[in-house]
Amino acid sequence: MFYKEKGFYISLLCGVVALIAFGAICFNLMGRDGTEGDVQQQVAEESALPPAVTSEPETEEVSTNQAKSEVKKKAKATEKPVKKTVQTDARPVKNTLHFDQEVGLLWPVKGDILMEYSADQVVYFKTLAQYRTNPAVLIEAKEGDAVKASANGTVVDIYTSEETGRTLSMMIGDDFIVNYGQLKEITVEKGDSVSEGQVIGKVAAPTKYFTLEGTNLYYQVKEKDTPVNPLVLLR
């Protein structure tokens, strides 16, 4: 009987020890699984987070770029424009007019000389009823007759004079100028280039200075602003 009871208690004790050992094992396993799960979850959450972004370096870079931009703007504002020089083969235009005295001048109208050139001696002016020098020649013509250019030239002036009426001044080269007075219906303008023989106007009625002399063309030639005898040059 005693041995039976003793065996019962021994079996019971072994069962209790086994139960405690089983419980300890289960507790350890459950605790480890929970810790590992928490660690794995924490690692997963940390790996899921986006990489940390620091705004300070970007702000510094933006500020630096803005500063550089401001410096460039100020430099452009203060920069002086550079004038570009273009090299060309252009040369100053030379006066190509040339008057050959050997060739002479074309008669502007056909007619007799009513009054000759006289710079050294005085001649009598019928209309003025006085003696005076004559720096030109008066060529007889009819009112409305065409007046031709005596040489190639450029019109330098067209003006009205009390003595010579509508007067055209033409440069023909080599410091020679020809003046045509008592004109009307002038066909050219100041600055025009004119060819020898080209019609430049018509003979007008004489001014009050030449009414008794009759209708004529007032014709004057100057060399370096000094009147010369046109009859020496007319051919």
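Since this is a predicted model, take the numbers as computed values, not measurements.
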| What residue pairs, at least two apart or across chains, pass ring-ring contact (aromatic ring centres under 6.0 Å, His included) with a residue in residues 186-235? | Tyr180-Tyr219

| task | Could you tell me which non-hydrogen atom of Pro227 sits nearest to which non-hydrogen atom of Asp225, and how far apart they are? | result | CD-O, 3.8 Å

| said: Can you confirm whether the side chains of Thr133 and Gln121 place a donor and an acceptor under 3.5 Å from each other? | reply: no

| message | Are Thr154 and Met170 packed together at the side-chain level, in the sense that at least one heavy-atom pair is separated by less than 4.5 angstrom? | response | no

| Can you name the closest pair of heavy atoms from Gly181 and Thr167 and give their distance? | CA-OG1, 3.9 Å

| Of all heavy-atom pairs between Ala151 and Ile172, which one has the smallest distance, and what is that distance? | CB-CG2, 4.1 Å

| task | Examine Arg166 relative to Tyr159 and say whether NZ or CZ is less than 6.0 Å from the centre of the six-membered ring and inside a 45° cone about the ring axis. | result | no

| query | Looking at side-chain heavy atoms only, is the closest gap between Phe125 and Asn134 below 4.5 Å? | reply | yes

| said: Is the shortest side-chain heavy-atom distance between Thr215 and Glu140 below 4.5 Å? | reply: no

| query | Can we say Lys208 and Glu163 salt-bridge, meaning some charged N sits less than 4.0 Å from an Asp/Glu carboxylate O? | reply | no

| task | Taking the side chain as every heavy atom from C-beta outward, state whether Pro108 and Ile139 have any pair of such atoms under 4.5 Å apart. | result | yes

| field | Heavy-atom pair with the smallest gap, counting every atom of Ala136 and Gln220 | value | CB-CB, 3.7 Å

| Does the side chain of Arg235 reach to within under 4.5 Å of the side chain of Leu106, using non-hydrogen atoms? | yes

| request: Would you name the heavy atoms of Lys190 and Val156 that are closest together and state the gap between them? | output: CE-O, 3.1 Å

| said: If we count only N and O atoms by modelled type, under 3.5 Å, do the side chains of Asn179 and Ser169 hold a donor and an acceptor together? | reply: yes

| Ionic contact status for Lys184 with Glu143, cut-off 4.0 Å | yes

| said: Using 0.5 Å steps for rounding, measure from the CD atom of Glu189 to the CG atom of Leu168. | reply: 11.0 Å

| message | Are Ile158 and Ile186 packed together at the side-chain level, in the sense that at least one heavy-atom pair is separated by less than 4.5 angstrom? | response | yes

| query | Does the side chain of Leu183 reach to within under 4.5 Å of the side chain of Leu217, using non-hydrogen atoms? | reply | yes

| request: For residues Ile200 and Ala149, report the shortest heavy-atom separation together with the two atoms involved. | output: CG2-CB, 4.2 Å

| query | Does Lys202 pair with Glu185 as a salt bridge, N-O distance under 4.0 Å? | reply | yes

| field | Any side-chain donor near an acceptor of the partner, Gln182 and Asn216, under 3.5 Å | value | yes

